[in-house]
Amino acid sequence: MAIHLLAFGLVVMLVTVVATLTLVYRYVKRAPQNQPIKGYLDLIPDLTPEQRHKVQEIRETFLPKVSLIRQNLCLERANLAQLLFAEPPDRSSIDAVARQILFHQSKLENEVIEHILEEREILSPSQQRRFYEIIVEQFSSGGLGVHDVRNKKN
């Protein structure tokens with residue numbers, strides 16, 4: 001009888017630990033979704049209230065601008081997909097749409113560069129070092145990190 005109670009107690013304890021760990025995992029996994037990353041400076045936790053205000057002002061013009069560029073990229077890519085599978089394929093139209101895609105990608109890249117330079121100006125030297133590390137990490141995949149069109153679903 002005592003062995004059965006001991007086994008039952010161990011099972012209850014194991015289930016409780018697993019349930020607790022599951023809840024903690026779900027909470028931690030869900031936490032970033034509550035505060036989505038809109039830009040690189042969201043990854044720097046020690047911004048002053050004044051810096052956060054300036055970041056918001058910068059984003060008020062930057063985010064709509066890059067959103068429009070992303071939308072144009074998506075439309076051009078959809079157009080390209082249709083052209084690639086048209087019968088017969090129209091090579092001159094395909095080339096023209098590909099040039100438009102490259103134009104929009106270049107425009108997006110330039111906007112992100114200007115944005116980074118603008119944000120960098122409001123940071124302290126230690127924050128700039130952290131900002132540099134973030135940029136290197138974000139760009140390591142070959143794209144624009146949080147501002148890359150692949151990371152956004154419009």
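Looking at Pro89 and Leu84, their side chains never come closer than 4.5 Å, going by heavy atoms from C-beta outward. Between Gln105 and Leu102, the closest side-chain pair of non-hydrogen atoms falls below 4.5 Å. Side-chain contact between Ile101 and Asn72 is absent, with no heavy-atom pair separated by less than 4.5 Å. Annotation: side chain of Leu41 is not in contact with side chain of Ile134 (no heavy-atom distance under 4.5 Å). Side-chain atoms of Gln138 and Leu43, non-hydrogen and from C-beta on, do get closer than 4.5 Å to each other.
Put simply, CZ on Arg70 and NZ on Lys107 are 13.5 Å apart, with the number rounded to the nearest 0.5 Å. Within the model, atoms OH of Tyr40 and CZ of Phe139 stand 4.0 Å from one another, a figure rounded to the nearest 0.5 Å. Rounded to the nearest 0.5 angstrom, Glu114 CD and Glu109 CD are separated by 12.0 Å. Distance check: Gln127 CD to Thr48 OG1 gives 7.0 Å after rounding to the nearest 0.5 Å. Residue Ser124 holds its OG atom at 6.5 Å from CG of Asp46, rounded to the nearest 0.5 Å. Taken to the nearest 0.5 Å, the CD1 atom of Ile135 stands 10.5 Å off from the CD1 atom of Ile113.
A salt bridge links Asp42 with Arg59; the closest basic N to acidic carboxylate O contact falls under 4.0 Å. We find that Asp95 and Arg99 are not joined by a salt bridge, their nearest charged nitrogen and carboxylate oxygen being 4.0 Å or further apart. The residues Lys54 and Glu50 are annotated as salt-bridged, a charged nitrogen and a carboxylate oxygen being separated by less than 4.0 angstrom.
Counting all heavy atoms, side chain and backbone alike, Gln51 lies closest to Ile122 at NE2-O, 2.8 Å. Of all heavy-atom pairs between Leu123 and Gln128, the closest is O-NE2, 3.4 Å. Arg130 and Ile44 get closest at one heavy-atom pair: CG-CG1, 4.1 Å.
No side-chain N or O of Glu111 forms a donor-acceptor pair with one of His115 less than 3.5 Å apart.
Both Leu47 and Phe131 sit in one connected hydrophobic cluster of ILVMFWY residues. Membership requires side-chain heavy atoms under 4.5 Å apart, directly or through other members. Transitive grouping of hydrophobic side chains (ILVMFWY, heavy atoms separated by less than 4.5 Å) brings Val112 and Leu63 into a common cluster. Connection of Leu73 to Ile94 is established within a shared hydrophobic cluster, with ILVMFWY side chains joined at heavy-atom distances below 4.5 Å, either directly or through further cluster members. Residues Phe85 and Val97 are members of one and the same hydrophobic cluster, defined by side-chain heavy-atom contacts under 4.5 angstrom among Ile, Leu, Val, Met, Phe, Trp and Tyr.
Ser106 places no side-chain N or O within 3.5 Å of a backbone atom of Phe103 that could act as its donor or acceptor partner. For the pair Ser140 (side chain) and Glu137 (backbone), a donor-acceptor distance under 3.5 Å is present.
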